[in-house]
Number of protein chains: 2
Amino acid sequence: MKDLLHPDLTFRLNGRLWIEGPTDRFMGIGRLELLEKIHRLGSISRAAQEMQMSYKRAWELVSSMNQQARQPLVSTQTGGKRGGGALVTPEGQQLLHEFEELQARFQTFLAAETARLLE
Amino acid sequence: MKDLLHPDLTFRLNGRLWIEGPTDRFMGIGRLELLEKIHRLGSISRAAQEMQMSYKRAWELVSSMNQQARQPLVSTQTGGKRGGGALVTPEGQQLLHEFEELQARFQTFLAAETARLLE
DNA sequence: AGTCGTTATATTTCTTCAAACATAACGCTT
DNA sequence: AAGCGTTATGTTTGAAGAAATATAACGACT
């Protein structure tokens with residue numbers, strides 16, 4: 001493979017994984033990152049701004065995930081101390097872990113295939 | 001994982017792989033399919049119409065691949081018998097095979113992870 | 001009561017990307 | 001010489017998605 005590629009350019013193998021439902025995506029690398037930030041920051045809006053994402057988009061992603069889960073992955077509160085907030089439920093945390101581990105196995109796969117193809 | 005998902009919906013794990021250069025994508029599932037059709041049909045335009053893709057887009061993909069390869073993967077001829085045509089060079093055919101095999105290994109990976117996650 | 005930061009949601013604007021359209025050149029075939 | 005199907009390329013149009021803007025509700029805190 002490597003002998004087919006232009007010698008002046010550098011190439012890399014890349015990829016994405018996601019879980020899709022009948023209508024919407026359910027989980028992917030972006031949603032995973034969003035969940036992680038909500039968990040860490042306790043707020044959808046702060047997670048959104050840390051991802052350079054509009055609050056609206058972040059909220060829509062959370063809504064989509066919650067609707068497709070058996071029980072909410074993120075629970076929210078309007079008003080109150082600090083104006084409200086959001087937290088990742090135990091179910092959400094479990095999903096977070098499992099999908100993170102899947103991502104790690106995928107990275108291993110990518111590394112092995114990269115070695116096979118490009119080195 | 002399965003116990004986290006809404007019981008009325010069906011989910012599946014999916015993914016994509018590609019090889020990227022510094023500026024453009026070099027190879028992906030769409031480009032692979034295009035190469036295969038050009039090889040089979042001997043024409044960019046016929047390959048494009050079989051993929052429901054505009055000729056222009058197909059041509060741009062071919063051009064991008066050729067520019068990033070050491071030697072052309074598709075060679076073309078304007079005019080002549082049948083008005084011209086295109087063929088996949090030996091280098092292109094080698095790429096075709098290798099990337100197809102990579103895709104097959106990826107499908108195996110996906111199947112294994114699906115069993116792990118969703119069954 | 002008023003302020004604050006957040007969730008929640010609708011509407012509008014912008015941008016980006018794909019599709020559509022148009023045109024020329026090429027070389028065999030008739 | 002004229003026609004055909006193809007490659008090759010520029011220009012215009014359209015559609016989808018993202019971003020921006022706006023507004024309301026909520027509940028603690030001052």
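Because the structure is a prediction, the values reported are computed rather than measured. Below, read A as the first sequence line, B as the second, and so on, with proteins coming before strands; counting in each chain starts at 1. Heavy-atom basis, side chains included; hydrogens, waters and symmetry copies ignored.
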Where along residues 20-36 of chain A does a heavy atom fall under 4.0 Å from DNA chain C? none
Pairwise distance CG(D24(A)) to CE(M65(A)) - rounded to 0.5 angstrom: 11.0 Å
The criterion is side chain to side chain contact (heavy atoms under 4.5 Å, CB included); which residues satisfy it with H97(B), sequence neighbours excluded? E100(B)
Under the ring-ring contact (aromatic ring centres under 6.0 Å, His included) test, residues paired with F109(A) that sit two or more places apart: F106(B), F109(B)
Can you tell me how far apart CD (Q103(B)) and CG (L110(B)) are? Round to the nearest 0.5 Å. 9.5 Å
Output the residues of residues 80-96 of chain A in contact with DNA chain D, where contact means a heavy atom of the residue under 4.0 Å from an atom of the strand; sort by number or write none. G80(A), K81(A)
DNA chain C: first to last nucleotide in contact with chain A (atom under 4.0 angstrom from a heavy atom), 5' to 3', is dG5(C) to dT11(C)
Separation between CD (E101(B)) and CE (M1(A)), nearest 0.5 Å, reads 10.0 Å
Taking the basic N atoms (NZ, or NE/NH1/NH2) and the acidic carboxylate oxygens, is any pair closer than 4.0 Å for E50(B) and K37(B)? yes
On the nucleotide dA8(D), are OP1 or OP2 found under 4.0 Å from the side-chain N or O atoms that W59(B) carries? yes
What does the 5'-to-3' dot-bracket notation of DNA chain C look like when only Watson-Crick and G-U wobble pairs under 3.5 Å count, and pairs to other strands show as |? ||||||||||||||||||||||||||||||
note: Q77(B), atom CD; dA8(D), atom C1'; distance rounded to Å ~ 14 Å
Do E91(A) and R70(A) sit within salt-bridge range, that is, some charged N less than 4.0 Å from a carboxylate O? no
Without placing hydrogens or testing angles, list every side-chain donor-acceptor pair under 3.5 Å for residues 51-62 of chain B, not counting sequence neighbours.
{"from": "S54(B)", "atom 1": "OG", "to": "R57(B)", "atom 2": "N", "distance (Å)": "3.1"}
{"from": "K56(B)", "atom 1": "NZ", "to": "E60(B)", "atom 2": "OE2", "distance (Å)": "3.4"}

Residues that P22(A) engages under side chain to side chain contact (heavy atoms under 4.5 Å, CB included), provided they are two or more places apart: L9(B), T10(B)
Side chain proximity check, V88(A) to L73(A), heavy atoms < 4.5 angstrom: no
If only side-chain N and O atoms count, and only distance matters, is there a donor-acceptor pair under 3.5 Å linking S64(B) with Q68(B)? yes
Which nucleotides of nucleotides 11-25 of chain D have their base under 4.0 Å from a protein heavy atom (B), which only their sugar-phosphate (S), and which neither (-), written as one string 5' to 3'? B------S-B-----
Please enumerate all residues that pass side chain to side chain contact (heavy atoms under 4.5 Å, CB included) together with S75(B), with sequence neighbours excluded. L87(B), T89(B)
Using a strict cut-off of less than 4.0 Å between a Lys/Arg side-chain nitrogen and an Asp/Glu carboxylate oxygen, indicate whether R12(B) and E20(A) qualify as a salt bridge. yes
Side chains of W18(A) and L32(A): closer than 4.5 Å at any heavy-atom pair? no
Could you tell me which residues satisfy salt bridge (charged side-chain N to carboxylate O under 4.0 Å, His left out) with E36(B), sequence neighbours excluded, listed by chain and number? R40(B)
Using 0.5 Å steps for rounding, measure from the CZ atom of F99(A) to the CD atom of E33(A). 12.5 Å
Is any side-chain heavy atom of L118(B) closer than 4.5 Å to a side-chain heavy atom of K2(B)? no
Of residues 37-50 of chain A, the positions that come close to DNA chain D - non-hydrogen atoms, cut-off under 4.0 Å: none
